[in-house]
Amino acid sequence: MTRKPTMRRAPDDALKSLAKVVAVLGAFTTARRSMSLAEIAAATGFPRSTAHRLAASMREVGLLDQGSQRDRYRLGIKLFQLGNTALANMDLHREARPVIDGLNRVTGHVAKLAVFDGRQAIVTHSVSAASGTPLTLIEAAPVHCTSTGKAILAHQPPAAVDAIIADGLERFTEATITSGRKLKAELRLIRARGYSVDEGEHQPGMRCIGAPIRDRTGRAIAGLSVSGPARQLRKAEVGALAKIVIHHAQLIEAQL
């Protein structure tokens, strides 16, 4: 007697449902903070009925929330709770915090740690220049036009770089590199000198200096940076500040 094929497909169905949930979550960005069902369907490619079913289920468990405008959805507070738990359990984040605080004190500039997720640089720790106060905002930053992102990307396999380029290099400012050829040339320069510079490529008028953080296998898994308005973080200081950023990145590497 043969088993019914539906029994064997059940795990696959569960994985497909999970992939759909992840797709809905990934559709939200800092620029697209809330979406209607029609917008969720358009962003994910799901039928509206599927988007409605997923959104309702995700709202029930706290992954999505609805504000005063009941026809619009946003990410739920449950994700913030899970994210904080993940950060607390992440060796890199835990070991890096005192080093990032020290980098802020030494330079007087905003210091940031960003972790590479394969597509973006996720800023998990940031210390304000003015107060030295850690900021809890977790944000995703593009890898092709930020100092942490470029420092990480410069040490990824060619296939990973090609995938980023194939996804499209979004223009944020007039200085953003949008050519794959120019980006690869920039990454070669970064590997040669050991640090990256963002010259207003992500935010106008800002200058940022980044260095990669490698694990024990030599793989770049994160980046460390200092940043500030170009009028305060002057171009003549880049070389000296880069040495400080690299030193602090190496301090973090030694603890991993």
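With hydrophobic clusters built from ILVMFWY side chains whose heavy atoms lie under 4.5 angstrom apart, Leu18 does not share a cluster with Leu64. Hydrophobic clustering keeps Ile246 apart from Ile190 (ILVMFWY residues linked when any side-chain heavy atoms are closer than 4.5 Å, directly or through intermediates). Under the 4.5 Å side-chain contact rule for hydrophobic residues, Val226 and Val238 share a cluster. Hydrophobic clustering (side-chain heavy atoms under 4.5 Å, transitive across Ile, Leu, Val, Met, Phe, Trp, Tyr) keeps Ile209 apart from Phe116. Taken together through direct or relayed side-chain contacts under 4.5 Å among Ile, Leu, Val, Met, Phe, Trp and Tyr, Val143 and Ile122 form parts of separate hydrophobic clusters.
No side-chain heavy atom of Leu75 sits under 4.5 Å from any side-chain heavy atom of Leu63. A 4.5 Å side-chain heavy-atom check between Arg219 and Arg214 finds every atom pair outside the cut-off. For the pair Ile40 and Phe46, the minimum side-chain heavy-atom distance is 4.5 Å or more. Counting only heavy atoms from C-beta outward, the side chains of Lys112 and Ile100 never approach each other to under 4.5 Å. Between Val161 and Leu153 there is a side-chain heavy-atom pair separated by less than 4.5 Å.
Of the possible donor and acceptor atoms, none in the side chain of Thr173 sits under 3.5 Å from a partner among the backbone N and O of Gln203. Gln156 places a side-chain N or O within 3.5 Å of a backbone atom of Ala220 that can act as its donor or acceptor partner. Between the side chain of Arg191 and the backbone N or O of Ala154 there is at least one donor-acceptor pair closer than 3.5 Å. Using modelled atom types, one side-chain atom of Glu237 and one backbone atom of Arg234 make a donor-acceptor pair closer than 3.5 Å.
Among the candidates Val245, Ile244, Leu251, the single residue satisfying the side-chain contact (heavy atoms from CB on, under 4.5 Å) test with His247 is Leu251.
Pairs engaging residues 164-202 under the ring pair (Phe, Tyr, Trp, His ring centres under 6.0 Å) rule: Phe172-His202 [sequence neighbours left out].
When the side chain to side chain contact (heavy atoms under 4.5 Å, CB included) test is applied to Ser147, the partners found at least two apart in sequence or on another chain are Ser196, Asp198, Cys208, Ser225.
In this structure, Gln120 and Ala140 approach most closely via the heavy-atom pair OE1-CB, 3.5 Å. Across Ala230 and Arg207, no two heavy atoms sit closer than the pair O-NH1, 3.4 Å. Minimum interatomic distance between Leu113 and Ala96 (heavy atoms only, all atoms of both residues): CD2-CB, 3.9 Å. Nearest heavy atom pair, residue Lys235 against residue Glu199, reads CE-OE2, 3.7 Å. Closest heavy-atom contact between Gly200 and Ala175: O-CB, 3.8 Å. Across all their heavy atoms, Gly102 and His248 have their closest contact at C-NE2, 4.0 Å.
Dense packing is recorded around CZ of Arg171, with more than 12 heavy atoms of other residues, nucleotides or ligands lying under 6.0 Å away.
Atoms SG and CD, from Cys145 and Glu170 in turn, are 8.0 Å apart once rounded to the nearest 0.5 Å. Note that CG of Leu25 and CG of Leu79 are 5.5 Å apart. Values are rounded to the nearest 0.5 Å.
Salt-bridge annotation for Glu253 and Arg216: absent, with no side-chain N of the basic residue lying under 4.0 Å from a carboxylate O of the acidic one. With salt bridges taken as basic N to acidic carboxylate O contacts below 4.0 Å, none links Arg32 and Glu39. Note on Asp65 versus Arg72: no salt bridge recorded, every NZ/NE/NH1/NH2 to OD/OE distance being 4.0 Å or above.
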Exercise for review: Apply side chain to side chain donor-acceptor pair (under 3.5 Å) to the pair Gln66 and Arg59, showing each step before the final yes or no.
Suggested key: CA-CA 8 Å; Gln66 285 180 295; Arg59 184 190 61 196; 2.6 Å; yes
